[in-house]
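Predicted model, so just to flag it, every value in this text is computed and none were measured.
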Amino acid sequence: MSTNNITTDSGISIKETYTSADVSNHDASLAGQYPFTRGVQSSMYRGKLWTMRQYAGFSTAEESNKRYHYLLDQGVSGLSVAFDLPTQIGYDSDHPLADGEVGKVGVAIDSLEDIEKLFEGIKLENVSTSMTINATGFILLAFYVALAKKQGAGLTKISGTIQNDILKEYAARGTYIYPPKPSMRIITDIFEWCSKELPKWNTISISGYHIREAGSTAVQEIAFTLSNGKAYVKAALEKGLDINVFGKRLSFFFNSHNNLFEEVAKFRAARRMWAKIMKDLGATDEKAMMLRFHTQTGGSTLTAQQPMNNISRVTVQTLAAVLGGTQSLHTNGYDEALSLPTESAARIALRTQQIVAYESGAADTVDPLAGSYYVETLTDEVEKEAWKLIEAIDAMGGSVAAIEEGFIQDEIARSAYKYQQSIEDESKIIVGVNKFISEDEEKIPGFKIDDSIQIMQSEKLKALRQKRNNELVKECLNELTDAANSGKNIMPVVLKAVESYCTLGEIADTLRKVFGEHR
C-alpha cells in the first residue's frame, strides 16, 4: 500500500495530518440538540448505557428459550430473536420449500404455541425484544402481542422492535414475499396500528446492516438506508399519519466494521443527515428527528481462518459503535464464520461489550472523539458523499424506483467486487487470510442443528391443526382476505387470526393469494 494514497473503504482520501484548517463548518451543537451529531441524549452513557443485546435463535422454541435464560443470567438487557428461513419467508415447517432449512439459521416459529414456548418464564413487560423479521414481521408482532395479552401485560408497557424493513430485502438480502407496493401498505398498517395500540414499540428498524453485509461501503450503507427511511416516511404521510407521532417510533440498524474512525464518522453523519431529512419532510418535534439505532458488529468481517482473531475484530467494532453513540448493540461470536455461535462464544461476545462499558472509559463522556480534526473532517466527507447518492436516488423518484431499476443493487455489487479484488491483490490486508497465514489452524468446535428439528416441528403442527377450532381458523382467514382486498388495516384481523392459532404459513399464503409474490 502506498503511503501517499491511503483511503477509507468508501474511497475517501486520508491525509497524513489534519489541522483546524481542515474543519470547515464545525458543528457546535451538543448531544441531545438538533441536528444530534453528537448523540440523541444529552448525557449519553453517563445517564444510561446502551442496551446490550445478544442475537440468538436456533432449532426449536424450547432450545432457544434455554439460551435466552442463559443470556439474561449473564447480564444482557435486551433479547434479539433470529428466525429460520421458512419463518422469514412465510412457510410453515412442514411445507416442502422448508425442507433442510428448519431451525438452521434461527428459531422455527409456526404458531402462537411456538412463541409461548420461546418466551416461557420471561415476562414481556420486563424485557425489550428485537425481532429480526421483515416480510412476515406483521405476523411475528401479532404473535408477540397475543402472548403479552395472555400474560396480562399492559400493551402500553411493551417495548421492542420489529425490523420490518422490506426495501433492503429487495436490494440486498432477498427474504421478501409480496411485491413492493403491497409490502409498503403492510408496513404503514403496522405504523398506524402501533401508534394507537403499542405506543412504546419501534415499528421499523430501517436496516443498513444487510446492505453492508452484501458488500456496500460505509457511505453507501447510510445513503441507501436513509433513502429507504425517506420512502417509509413518505408512504406514512400519504396514508395521513402524523410525522411527529410515527417519527418517534422509527429506529435504524447499522453495521460496525473494522475502520474505526470511518465507522464513528458514519454514525455521526447519519444522525445529522436524518435530522435534516425529517425536518424537510415536515417534522417539528425534535424527538421525531432523532436517529436512534441498534448496531451489530460486522458478520462479513469474521474469518473462518484463525477464528480467535475475530475477538479482536469485534472489540474494535464495539468501540466504533460506542464512540459513535449507538443505543443498542449486539456483538458477534468469534466462531460465526464456521457455525451458529456456541454458548462460550456468545459469552465472550457479551463480555466484550461489558469490558468496553465498565473498563475502557469510552462511556465516561459524551462523544469523546468530537473536536478531533480527523473525525470532524471525516464526518463531513462521509456526509457529503452520502448526499450525492441520496440526490441521485431522489432524481429517480426515490428508493422504490431505484430498487426497481436495479440502481441500488448494482452499486452494492460493484463495491463488493472492488473490495474482493483489493483482498486478492493484497492492497487490503486481512490478517490470517491474505497475510500472516498459519499452517496449523486451531480446530474450533462447531454448533450444528440436527435435521430432526423439522420432524418435531411438523408433528407439533399436525397436533395443533387437530385440536384447534378449524371453523374459526377458516373464518379468520376469510376476514383477512376481505381486509386485504378492501384496503382496511390488516393488523386487528391478523391478531385475531394468531389468537385463533392460525399458522404463520396460513396467514402468509392468504395474502399471497391477494397480493401475489415478488419475482
Side-chain angles (χ1 to χ4, degrees), residues 7-14 24-25 27 35-37 165-173 180 184 204-235 250 252-257 259 261-281 289 291 293 295 298 300 324 376-422:
T7 65
T8 70
D9 291 338
S10 298
I12 296 168
S13 290
I14 301 172
S24 48
N25 299 306
D27 178 359
F36 313 108
T37 312
D165 174 8
I166 203 65
L167 291 178
K168 69 97 176 50
E169 294 297 329
Y170 303 118
R173 194 161 168 269
M184 293 294 276
I204 193 167
S205 176
I206 305 156
S207 174
Y209 185 84
H210 303 100
I211 289 169
R212 193 67 178 279
E213 289 292 285
S216 82
T217 64
V219 164
Q220 288 172 332
E221 181 188 353
I222 60 168
F224 298 154
T225 306
L226 300 186
S227 278
N228 288 350
K230 272 176 85 170
Y232 293 125
V233 171
K234 286 181 174 178
L250 304 176
F252 288 80
F253 173 27
F254 290 120
N255 210 311
S256 190
H257 266 230
N259 191 319
F261 297 108
E262 184 177 41
E263 293 301 297
V264 173
K266 175 189 82 178
F267 298 132
R268 298 174 89 248
R271 266 194 299 272
R272 190 157 73 200
M273 292 171 75
W274 185 246
K276 290 172 184 169
I277 287 168
M278 288 298 273
K279 196 171 191 177
D280 289 347
L281 288 169
M289 302 177 203
L291 181 143
F293 66 98
T295 310
S300 62
E376 293 292 357
T377 306
L378 202 47
T379 302
D380 291 344
E381 287 286 327
V382 167
E383 180 178 2
K384 183 178 81 177
E385 294 303 314
W387 280 127
K388 285 181 191 172
L389 282 169
I390 289 174
E391 283 157 14
I393 290 166
D394 285 347
M396 293 175 204
S399 269
V400 176
I403 287 164
E404 286 173 345
E405 286 181 34
F407 170 77
I408 292 175
Q409 299 93 310
D410 289 347
E411 287 289 308
I412 295 169
R414 199 173 292 117
S415 293
Y417 178 71
K418 194 174 169 187
Y419 184 78
Q420 187 56 37
Q421 265 192 323
S422 71

Where Ala386 and Ala223 come nearest, the two heavy atoms and their spacing: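 Minimum heavy-atom contact is O-CB, 3.6 Å.
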Donor + acceptor pair across side chains of Ser10, Gln220 (<3.5 Å):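 No, no side-chain donor-acceptor contact under 3.5 Å.
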Spacing of CH2 belonging to Trp274 relative to CZ belonging to Phe36, to within rounding of 0.5 Å: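 These two atoms lie 13.0 Å from each other.
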Is the backbone of [Y] close enough, under 3.5 Å, to the side chain of [X] for a donor and an acceptor to pair up by distance?
X	Y	value
Glu262	Ala218	no
Gln409	Ala171	no
Glu405	Ala402	no
Thr7	Ser13	no
Tyr209	Gly298	no
Lys234	Ala231	no
Asp165	Ser207	yes

Working for ring-ring contact (aromatic ring centres under 6.0 Å, His included), residues Phe293 and Phe267: CA-CA 9 Å; Phe293 66 98; Phe267 298 132; 5.0 Å; yes
Heavy-atom side-chain proximity of Phe254 to Arg212 below 4.5 angstrom: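 Side chain of Phe254 against side chain of Arg212, heavy atoms only: no contact under 4.5 Å found.
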Partner residues of Arg268 under the salt bridge (Lys or Arg N to Asp or Glu O under 4.0 Å) criterion, sequence neighbours left out: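 Salt bridge (Lys or Arg N to Asp or Glu O under 4.0 Å) check on Arg268 returns Asp367, Glu376.
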Partner set under salt bridge (Lys or Arg N to Asp or Glu O under 4.0 Å) for Arg272, not counting sequence neighbours: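 Once residues adjacent in sequence are excluded, the partners of Arg272 under the salt bridge (Lys or Arg N to Asp or Glu O under 4.0 Å) criterion are Asp27, Asp380, Glu383.
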